[in-house]
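Computation of the quantities below employed the complete heavy-atom set of this structure, encompassing side-chain atoms and omitting hydrogens, waters and symmetry-equivalent molecules. The residues of the chain are indexed from 1 along the displayed sequence.
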Amino acid sequence: MTPSHLAELDPADMTWPPPPYQPPVPPVTDEHGVRHFHGVTYATTPGYRPRLLDVQVPAGEGPFPAVVWIHGGGWLDGDRRYPPPTVPAALLHGSVLTAGLALVSIDYRHSLEAPFPAQLHDVKAALRYVRRFAADLGIDPDRIAVWGESAGGHLAALAGLVGPDTADAEALEGTHGVGSGDTGVRAVVDWYGVSDLAALAGQPLPGMLPGGDFPDPYEALLGGTEAERPALARAASPVTYAASSTPPPFLLIHGTRDGLVPYSQSEVLAEALAGAGGEVTLRPVEGADHIFLGSADITGIVAESVTFLARHLDAKG
């Protein structure tokens, strides 16, 4: 028996070569009325794994505002399905959906697959895809925000700051997936992301010994020669673009005892955003290490983040 979504295919849409993405198929609806689109291919590139995203849409009548979640992992690791181990997926996902927001969780190329700006290209491709297929997904294309942690926080900040008025915009936007279109966002939540790679590149990281099996995440992300790396670090740093246009509202949340990405990284970005006339809130998590280790209020951190996003996206949860 032919699956229903295959029976609905229009032969006119069957072209060769196929487009570098797949339109979403009808979702699975759970017992709570939440619609799930699993493993949607939003971009392909010959020689690389397909880039996938998942979408969860609240029960009820849409279209709903959406949050694009970008995972961490030092640009070397990570998976769209899993938040950091300190943040239960049920808490993160449930808080977003309860607020009346759709959640789009994306994968992107890791740095040993392709150096920067491949990761930003993938985030931009995901934003283009969500807008292109917003009606199919039940999403409002005019109300989209980004939220990331660690490496994902860095990419979320870049997604919010790199736009059509940015120097080298064409090179930073990329043309993967849906090749062109608006990639702007209404708000950014950045959990303990790197903002100034030039200040950190070359510094030894805790637990990463010379000659060990774990690659240096900054060298892997930037690529290039040692002589080229300072310029590459500036090009990959959110602070470089903070003054290029009026930034969207930012919420920065960072542990004050973060041993992997110093709290000062968020301070520098907050100062640059405020100097550009942007709305920015810097929220220290006192005594917390990376991924908020040591914090007793993960639920409160998630709630503050979702409240910020819901307010700026005019959600009606």
Side-chain angles (χ1 to χ4, degrees), residues 2-29 35-57 62-71 75 78-81 102-146 148 152 155-156 158-160 162-164 166 168-185:
T2 303
S4 59
H5 71 273
L6 292 181
E8 296 169 3
L9 286 175
D10 184 344
D13 293 333
M14 300 179 190
T15 60
W16 191 264
Y21 54 83
Q22 289 292 325
V25 300
V28 174
T29 303
R35 285 160 287 162
H36 299 262
F37 298 82
H38 291 294
V40 179
T41 298
Y42 72 86
T44 61
T45 305
Y48 295 94
R49 61 192 167 103
R51 269 82 82 204
L52 306 180
L53 58 78
D54 298 333
V55 184
Q56 300 178 62
V57 184
F64 294 93
V67 177
V68 174
W69 167 262
I70 310 171
H71 69 77
W75 310 284
D79 186 310
R80 70 186 187 280
R81 297 168 294 178
L103 179 65
V104 181
S105 306
I106 71 169
D107 282 334
Y108 53 87
R109 283 170 290 176
H110 295 153
S111 56
L112 292 185
E113 294 179 275
F116 185 84
Q119 297 70 31
L120 180 57
H121 287 172
D122 290 348
V123 173
K124 294 287 192 173
L127 289 165
R128 287 192 293 268
Y129 183 94
V130 170
R131 284 201 167 91
R132 166 67 176 79
F133 293 103
D136 303 89
L137 298 170
I139 286 173
D140 184 343
D142 297 322
R143 292 187 291 162
I144 298 176
V146 286
L155 295 172
L158 283 172
V162 170
T166 303
D168 298 323
E170 186 175 345
L172 293 167
E173 289 277 341
T175 57
H176 293 265
V178 177
S180 62
D182 179 18
T183 61
V185 298

- Query: Residues in side-chain hydrogen bond (donor to acceptor under 3.5 Å, both in side chains) with D142, at least two apart?
  - Reply: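 None.
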Exercise for the section: Only counting residues at least two apart or in another chain, list the ones meeting side-chain hydrogen bond (donor to acceptor under 3.5 Å, both in side chains) with E173. Expected result: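 In terms of side-chain hydrogen bond (donor to acceptor under 3.5 Å, both in side chains), with neighbours along the sequence ignored, E173 is linked to K124, T183.
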Handout entry: Ionic contact status for D54 with R80, cut-off 4.0 Å
Key =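 Yes.
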Working to the nearest 0.5 angstrom, can you tell me the gap between [X] [atom1] and [Y] [atom2]?
X	Y	atom1	atom2	answer
H121	Y108	NE2	OH	15.0 Å
E113	R51	CD	CZ	8.0 Å
R109	Y48	CZ	OH	6.0 Å
T45	R49	OG1	CZ	11.0 Å

**Request:** Side-chain contact test, heavy atoms from C-beta onward, threshold under 4.5 Å: evaluate it for Q119 versus S111 and give yes or no.
**Result:**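 Yes, their side chains come closer than 4.5 Å.
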Where is the tightest heavy-atom contact between [X] and [Y], given as atom of each residue plus distance?
X	Y	result
D136	F37	O-CZ, 3.6 Å
A43	A125	CB-CB, 4.4 Å
P117	L172	CB-CD2, 4.3 Å
D140	P65	CB-N, 4.4 Å
A169	G163	CB-O, 3.3 Å

Quick check on salt bridge (Lys or Arg N to Asp or Glu O under 4.0 Å): which of R128, R131, R132 does D182 satisfy it with?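 The passing option is R131.
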With a sphere of 6.0 Å drawn around CG of D79, does it hold more than 12 non-hydrogen atoms of other residues, nucleotides or ligands?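 More than 12 heavy atoms, drawn from other residues, nucleotides or ligands, come within 6.0 Å of this atom.
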So, using ring pair (Phe, Tyr, Trp, His ring centres under 6.0 Å) as the criterion, who are the partners of F64 when residues are at least two apart?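 Residues passing ring pair (Phe, Tyr, Trp, His ring centres under 6.0 Å) with F64: none at all.
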* With sequence neighbours excluded, what pairs up with Y21 under the ring pair (Phe, Tyr, Trp, His ring centres under 6.0 Å) test? ->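 Y21: ring pair (Phe, Tyr, Trp, His ring centres under 6.0 Å) contacts with F133.
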Report task. Evaluate the ring planes of H71 and H110, with Trp represented by its six-membered ring, and classify them as parallel (under 30°), tilted (30 to 60°) or perpendicular (over 60°). Result ->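 Ring orientation, 0 to 90° scale: perpendicular.
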Might you work through the side-chain contact (heavy atoms from CB on, under 4.5 Å) test for L53 and W69, ending with a clear yes or no? CA-CA 10 Å; L53 58 78; W69 167 262; over 6 Å; no
Next on the checklist: If the condition is side chain to side chain contact (heavy atoms under 4.5 Å, CB included), which residues does V123 pass it with, not counting sequence neighbours?
Outcome noted: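 If we apply the side chain to side chain contact (heavy atoms under 4.5 Å, CB included) test to V123, skipping adjacent residues, the hits are I70, I106, L127, L155, A159.
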**Message:** List the residues meeting side chain to side chain contact (heavy atoms under 4.5 Å, CB included) with Q22, not counting sequence neighbours, and say none if there are none.
**Reply:**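 Only T41 meet the side chain to side chain contact (heavy atoms under 4.5 Å, CB included) criterion with Q22.
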What verdict does the side-chain contact (heavy atoms from CB on, under 4.5 Å) test give for Y129 and V40, after you've listed the backbone C-alpha separation in whole Å, the side-chain angles of each residue and the deciding distance to 0.1 Å? CA-CA 10 Å; Y129 183 94; V40 179; 3.0 Å; yes
(request) In sequence, state the C-alpha distance, the side-chain angles, and the governing distance for I139 and V104, and then conclude on side-chain contact (heavy atoms from CB on, under 4.5 Å). (result) CA-CA 10 Å; I139 286 173; V104 181; 4.0 Å; yes
